[in-house]
Amino acid sequence: MNTSGCFEKARFDPLMKMLFGQGLNGLRGNKWALHRKIANQAFSIERIKSWVPEIVASVTKMVEKWEDIRGEREEIEVEVHKDLHDLSADVISRTAFGSSYEEGKRIFALQDQQMRLFAEDMRSVYLLGFRLITRHVSMILAETLRLYPPVVMLVREAAKDVKIGSLEIPAKTQLLLALAAAHHDTDIWGEDANDFNPLRFQEKHIASLFPFGLGPRNCVAQNLAMFEAKIVLAMILQQYTFVVSPTYVHSPMLFISLRPQYGAHILFTRISKY
């Protein structure tokens with residue numbers, strides 16, 4: 001079924017427009033198509049492959065920091081959510097902007113502050129109750145993103161009257177696509193839908209898993225995100241074994257994106273080289 005052009009990104013309210021500006025997330029129509037075409041070229045697979053040395057350099061710097069903290073101890077506890085957040089910021093700074101996290105940390109700090117102000121305003125004003133390793137370091141990531149997608153809901157607006165199967169959708173209708181609900185649907189994933197089971201991705205789940213969205217408005221940087229995650233895991237696993245710390249408190253919270261409310265505390269044990 002071809003519904004291309006039938007659905008648009010829903011219009012931002014004033015607060016969201018202030019937060020996201022005139023980026024891809026807020027543009028519509030021909031203006032979005034032009035900017036998306038430019039962004040697609042910036043995040044092509046070949047270009048992302050050329051960024052691998054920069055990603056490796058960023059991960060190396062993070063691991064070296066862990067080693068400085070570890071000293072002579074065999075095991076250390078790391079709150080990895082913050083470190084991985086800083087790592088992602090460093091990678092995007094190096095690759096897309098030719099800079100580094102340190103050089104751009106004032107901008108990142110301002111972005112974080114703006115997100116917090118936006119979240120507070122939304123709650124008070126607008127929300128009214130609302131290769132073996134590669135194949136596997138892929139199945140594990142897919143299952144993680146299924147259980148905890150970065151965004152739990154997408155909003156789309158019908159650009160014109162459209163019929164999908166027997167469902168008639170009038171123009172201007174806004175559709176709320178609940179990723180979390182779809183990703184935990186037992187009719188799709190089976191009775192173990194709430195369990196962590198990467199082996200389920202030995203089978204294809206093309207349209208049932210969409211942590212980066214689907215269609216032409218999917219996340220332009222999803223290939224970079226997956227490349228980066230695989231490199232990070234591969235480099236960490238070369239040097240450490242790790243388990244969840246007893247101090248970790250499982251409490252996912254929505255703060256623009258889904259994140260651990262009390263951090264993600266992991267115990268890392270250095271792998272002996274001898």
Side-chain angles (χ1 to χ4, degrees), residues 51-95 100-105 108-109 111-112 115-116 131-150 183 192 194-202 211 224-274:
W51 290 341
V52 169
E54 282 81 5
I55 298 174
V56 169
S58 293
V59 182
T60 299
K61 183 177 68 173
M62 180 183 72
V63 172
E64 287 175 348
K65 185 186 79 171
W66 291 355
E67 283 298 285
D68 289 341
I69 297 172
R70 184 178 69 88
E72 299 299 319
R73 294 174 293 169
E74 290 188 359
E75 182 180 82
I76 57 168
E77 179 175 312
V78 179
E79 200 287 272
V80 296
H81 177 256
K82 183 182 185 305
D83 280 7
L84 293 177
H85 176 275
D86 292 349
L87 171 68
S88 294
D90 191 47
V91 167
I92 198 67
S93 295
R94 289 173 182 267
T95 57
S100 68
Y101 178 72
E102 283 78 11
E103 292 174 358
K105 62 183 178 182
F108 289 113
Q111 285 181 332
D112 188 67
M115 288 172 62
R116 293 182 184 281
R131 345 107 359 213
L132 189 60
I133 291 178
T134 299
R135 179 167 175 265
H136 283 178
V137 172
S138 296
M139 291 165 62
I140 290 170
L141 291 174
E143 181 68 340
T144 301
L145 290 168
R146 182 186 73 83
L147 290 170
Y148 303 105
H183 286 182
D192 67 340
N194 292 321
D195 297 337
F196 182 78
N197 177 20
L199 294 179
R200 71 175 80 249
F201 285 98
Q202 290 178 328
L224 173 60
M226 295 300 286
F227 260 80
E228 181 182 330
K230 291 175 183 179
I231 292 171
V232 171
L233 278 176
M235 291 185 67
I236 290 175
L237 288 171
Q238 287 176 353
Q239 302 189 49
Y240 302 98
T241 61
F242 56 88
V243 295
V244 176
S245 170
T247 63
Y248 170 71
V249 177
H250 188 66
S251 181
M253 65 171 289
L254 184 62
F255 180 69
I256 314 301
S257 60
L258 195 65
R259 60 184 62 194
Q261 183 174 5
Y262 303 110
H265 298 271
I266 304 293
L267 292 176
F268 290 91
T269 301
R270 179 74 178 183
I271 296 174
S272 175
K273 294 183 179 181
Y274 305 102

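Here the structure is a predicted model, which means the values were calculated and not measured. Scope of the values below: all heavy atoms of this structure, side chains included, with no hydrogens, waters or symmetry mates.
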| task | Applying side-chain contact (heavy atoms from CB on, under 4.5 Å), run through L145 and M226 and close with a yes or a no. | result | CA-CA 11 Å; L145 290 168; M226 295 300 286; 4.0 Å; yes
| said: Working note: E75 + R270, criterion side-chain contact (heavy atoms from CB on, under 4.5 Å); need CA distance, chi angles, decisive distance, verdict. | reply: CA-CA 7 Å; E75 182 180 82; R270 179 74 178 183; over 6 Å; no
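- For D68, there are no salt bridge (Lys or Arg N to Asp or Glu O under 4.0 Å) partners, not counting sequence neighbours.
- Atom CG in L141 sits 11.0 Å away from atom CE in M139 (nearest 0.5 Å).
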| said: I76 vs L267, test: side-chain contact (heavy atoms from CB on, under 4.5 Å). Steps then yes/no. | reply: CA-CA 6 Å; I76 57 168; L267 292 176; over 6 Å; no
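- A salt bridge does not link K61 with E64: every distance from a Lys NZ or Arg NE/NH1/NH2 to an Asp or Glu carboxylate oxygen is 4.0 Å or more.
- The CD atom of E228 lies 9.5 Å from the CG atom of D90; values are rounded to the nearest 0.5 Å.
- Side-chain atoms of R200 come within 3.5 Å of backbone atoms of D192 as a donor-acceptor pair (strictly under, hydrogens ignored).
- Counted within 6.0 Å of CZ on F196, heavy atoms from surrounding residues, nucleotides or ligands total more than 12; the atom is thus considered enclosed.
- S251 and Q261 make their closest contact through OG-OE1, 2.8 Å (heavy atoms, listed as atom of the first residue, atom of the second, distance).
- The side-chain heavy atoms of M62 and L84, taken from C-beta on, include a pair separated by under 4.5 Å.
- Exactly one residue among H81, H250, H183 makes a ring-ring contact (aromatic ring centres under 6.0 Å, His included) with Y148. That residue is H250.
- Between atom CD1 of residue I231 and atom CG of residue L87 there is a gap of 10.0 Å, rounded to the nearest 0.5 Å.
- I92 CD1 to L224 CG: the interatomic distance, rounded to the nearest 0.5 Å, is 5.5 Å.
- L258 approaches L254 most closely through the heavy-atom pair N-CD1, 4.1 Å.
- Taking the side chain as every heavy atom from C-beta outward, P260 and P252 never approach each other to under 4.5 Å.
- Side-chain contact between Q239 and V63 is present, with at least one heavy-atom pair separated by less than 4.5 Å.
- When all heavy atoms are compared, the tightest approach of I266 to V244 is CD1-CA, 4.1 Å.
- Side-chain N/O atoms of E77 and H265 include a donor and acceptor closer than 3.5 Å.
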| message | Would V59 and M235 count as a side-chain contact (heavy atoms from CB on, under 4.5 Å) here? Give the steps. | response | CA-CA 7 Å; V59 182; M235 291 185 67; 3.6 Å; yes
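- Relative to the ring axis of F268, R70 does not place its NZ or CZ within 45° and under 6.0 Å from the centre.
- Nearest approach of I236 to W66, heavy atoms of both residues: CD1-CH2, 3.9 Å.
- Here the side chain of D195 pairs no donor or acceptor atom with the backbone of N197 at under 3.5 angstrom.
- In this structure, K230 and S138 approach most closely via the heavy-atom pair NZ-OG, 2.9 Å.
- Other residues, nucleotides and ligands contribute only 12 or fewer heavy atoms inside 6.0 Å of the CZ atom of F242.
- The CD atom of E74 lies 13.0 Å from the OH atom of Y240; values are rounded to the nearest 0.5 Å.
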